[in-house]
J.: 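If you scroll down you'll find the structure; I have some questions about it.
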Amino acid sequence: MPKILYIEDDASSRRLVQKVLEEAGHEVVLASSGLSGIETAQRERPALILMDINMPDLSGDMVATRLRTTPGLEKTPVVALTALSDFRERALVAGCVGYISKPIDIDALAAQVREYLNGRREAVDDEDIGQYAAEYTQSLVRRLEIKVRELEEANRELRRMDKIKNDFIALTSHELRTPFTLVCGYVDLLQDAFDPVKDPETIFMVEGLGSAADRLGKVIDEILDLARVASGQVALSLEPVRLLGLIEEAAENVREASQSRQVAITVMGSDWPEMLANPTDLKMALGNVMGNAVKYTPDGGNVTVSSARYDSFVEVIITDTGIGIDPDEHGAIFEGFYTAGDTDLHTTSKTAFKGGGLGLGLAIAKSVVDAHNGRIWVESPGRDETTCPGSTFHMLLPINPSAVGSD
Ligand code: ADP
């Protein structure tokens with residue numbers, strides 16, 4: 001017996017119709033909204049679709065119109081279920097082949113469905129068709145307008161929440177900075193107050209305190225950096241810089257981590273231009289990407305930095321032999337507070353293999369590159385900690401950021 005899809009938001013109607021049609025021998029698939037109905041129809045390819053007209057997301061007539069242009073479903077009969085006689089012609093204009101009145105007559109339903117399966121088609125009088133089509137179009141436009149307004153409102157609210165979040169993060173970090181500076185001061189005082197020979201245990205504890213404080217300080221700095229960079233202050237201080245010099249300094253900053261884990265950093269190529277950039281921030285962005293390359297590469301691996309020159313751009317290419325990144329995370333890793341993989345497995349050291357982080361390094365790098373009117377992206381076949389397919393980060397930077405309009 002032919003398969004029937006029933007799209008209906010009311011659960012008790014769904015159960016009732018399902019029971020009646022199954023008793024008549026049909027296979028029945030169900031969907032509880034217009035949108036999920038379209039997906040189910042595409043997946044299940046039913047012989048006939050029964051559809052409630054009055055649904056909260058997409059109304060039945062809109063779903064019918066959509067199905068009429070869905071490949072493979074253009075000819076599938078869609079029958080509207082409606083209590084309102086006004087909607088009947090509109091349903092036909094929208095693409096339904098007919099309608100069944102609500103409340104459903106249980107004794108007649110199976111026979112009605114059979115008729116439509118056998119080719120029954122209702123028609124609207126030719127004279128009236130224009131009027132119904134116009135009404136339908138107007139209802140679509142009204143609905144579209146309401147949705148656009150709702151989306152705009154939701155968007156405004158999201159932006160407001162995002163600002164509250166950013167302000168909160170920035171403010172909290174500022175507030176943390178002050179007591180943190182005090183902690184560091186006292187750690188220094190304690191270190192001077194004890195004799196390492198006479199009191200090695202105390203010195204050991206103070207050093208532990210000191211390195212924990214250092215790590216905390218780096219986290220606070222990272223958050224403040226992101227807040228500063230994201231607020232658009234980078235572009236204000238462009239100056240001529242030697243790109244190779246910045247890369248070498250950034251490499252120097254991750255040297256300790258790379259050497260302790262025998263990860264070699266090689267800078268290749270000779271075409272490194274002079275360019276206009278904010279040196280502090282660009283070095284930070286390069287350092288973050290290079291630091292990650294080291295961090296996510298197992299001991300003994302390689303990180304290579306090379307360049308490609310185009311007319312008014314230079315591309316910095318940072319390749320590693322690390323664990324790689326799944327393609328569906330290639331966009332998300334540049335968002336703030338996103339860390340791929342299992343955060344439970346993060347170690348507490350930021351420089352150790354896969355060492356923990358807040359997921360801010362790449363967000364900062366992206367904000368800096370954006371502020372230079374450049375682009376940053378990653379290529380990697382996927383994440384595999386056994387075969388280590390590696391990742392390649394690209395930073396495309398204009399030689400003169402102010403000559404390139406941001407879009
Ligand atoms: P984190 O502080 O967690 O390293 P980042 O913003 O620097 O944050 O990076 C976001 C996520 O992207 C990381 O958690 C990591 O999973 C992934 N990632 C970044 N760089 C690499 C890389 N070179 N190889 C593999 N994964 C990487």
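Order of listing sets the numbers, starting from 1, for every ligand and every atom in it.
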J.: Donor-acceptor pair, Arg261 side chain versus Thr297 backbone, under 3.5 Å?
T.: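 Looks like yes, one N/O pair under 3.5 Å.
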J.: Counting N and O atoms only, with roles assigned by atom type, does the side chain of His330 sit under 3.5 Å from a partner on the main chain of Trp377, one being a donor and the other an acceptor?
T.: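 Not at all, since once roles are kept as given, no pair shorter than 3.5 Å links the two residues.
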J.: Does an N or O from Leu362, backbone or side chain, lie closer than 3.5 Å to an N or O of ligand 1?
T.: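 Between Leu362 and ligand 1, an N or O pair is found under 3.5 Å apart.
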J.: Answer with side chain, backbone, both or neither: which part of Phe334 has a heavy atom less than 4.0 angstrom from an atom of ligand 1?
T.: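 Neither; no heavy atom under 4.0 Å.
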J.: Going by the atom numbers of ligand 1, which of them fall below 4.0 Å from some non-hydrogen atom of Asp320?
T.: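 Counting from 1, the qualifying ligand atoms are 22 (C), 23 (N).
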J.: Under 4.0 Å from a heavy atom of Gly361: give me the atoms of ligand 1 that qualify, with their elements.
T.: 5 (P), 6 (O), 7 (O)
J.: Report yes or no: does His372 contribute a side-chain atom to a donor-acceptor pair with the main-chain N or O of Asn278 at less than 3.5 Å?
T.: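 Side chain of His372 to backbone of Asn278, a donor-acceptor pair under 3.5 Å: yes, one is there.
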J.: Under a 4.0 angstrom heavy-atom cut-off, which atoms of ligand 1 come close to Ala293?
T.: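 Answer, ordered by atom number: 23 (N).
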J.: Could you tell me, atom by atom, which parts of ligand 1 come under 4.0 Å of a heavy atom of Lys295?
T.: 1 (P), 2 (O), 4 (O)
J.: For ligand 1, does Glu329 get within less than 4.0 Å through its side chain, its backbone, both, or neither, judged by non-hydrogen atoms?
T.: neither
J.: Counting both backbone and side chain atoms, is some N or O of Ile325 under 3.5 Å from an N or O of ligand 1?
T.: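 In fact, backbone or side chain, Ile325 has no N or O that close.
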J.: Should Lys19 and Glu23 count as an ion pair when the cut-off is N to O under 4.0 Å?
T.: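 A salt bridge is present here (some side-chain N lies under 4.0 Å from a carboxylate O).
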J.: Using a strict 4.0 Å cut-off to heavy atoms of Leu360, name the atoms of ligand 1 that fall inside it.
T.: 6 (O), 8 (O)
J.: Considering only NZ, NE, NH1 and NH2 on the basic side and carboxylate oxygens on the acidic side, decide whether Glu152 and Arg149 come within less than 4.0 Å.
T.: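 Salt bridge: no.
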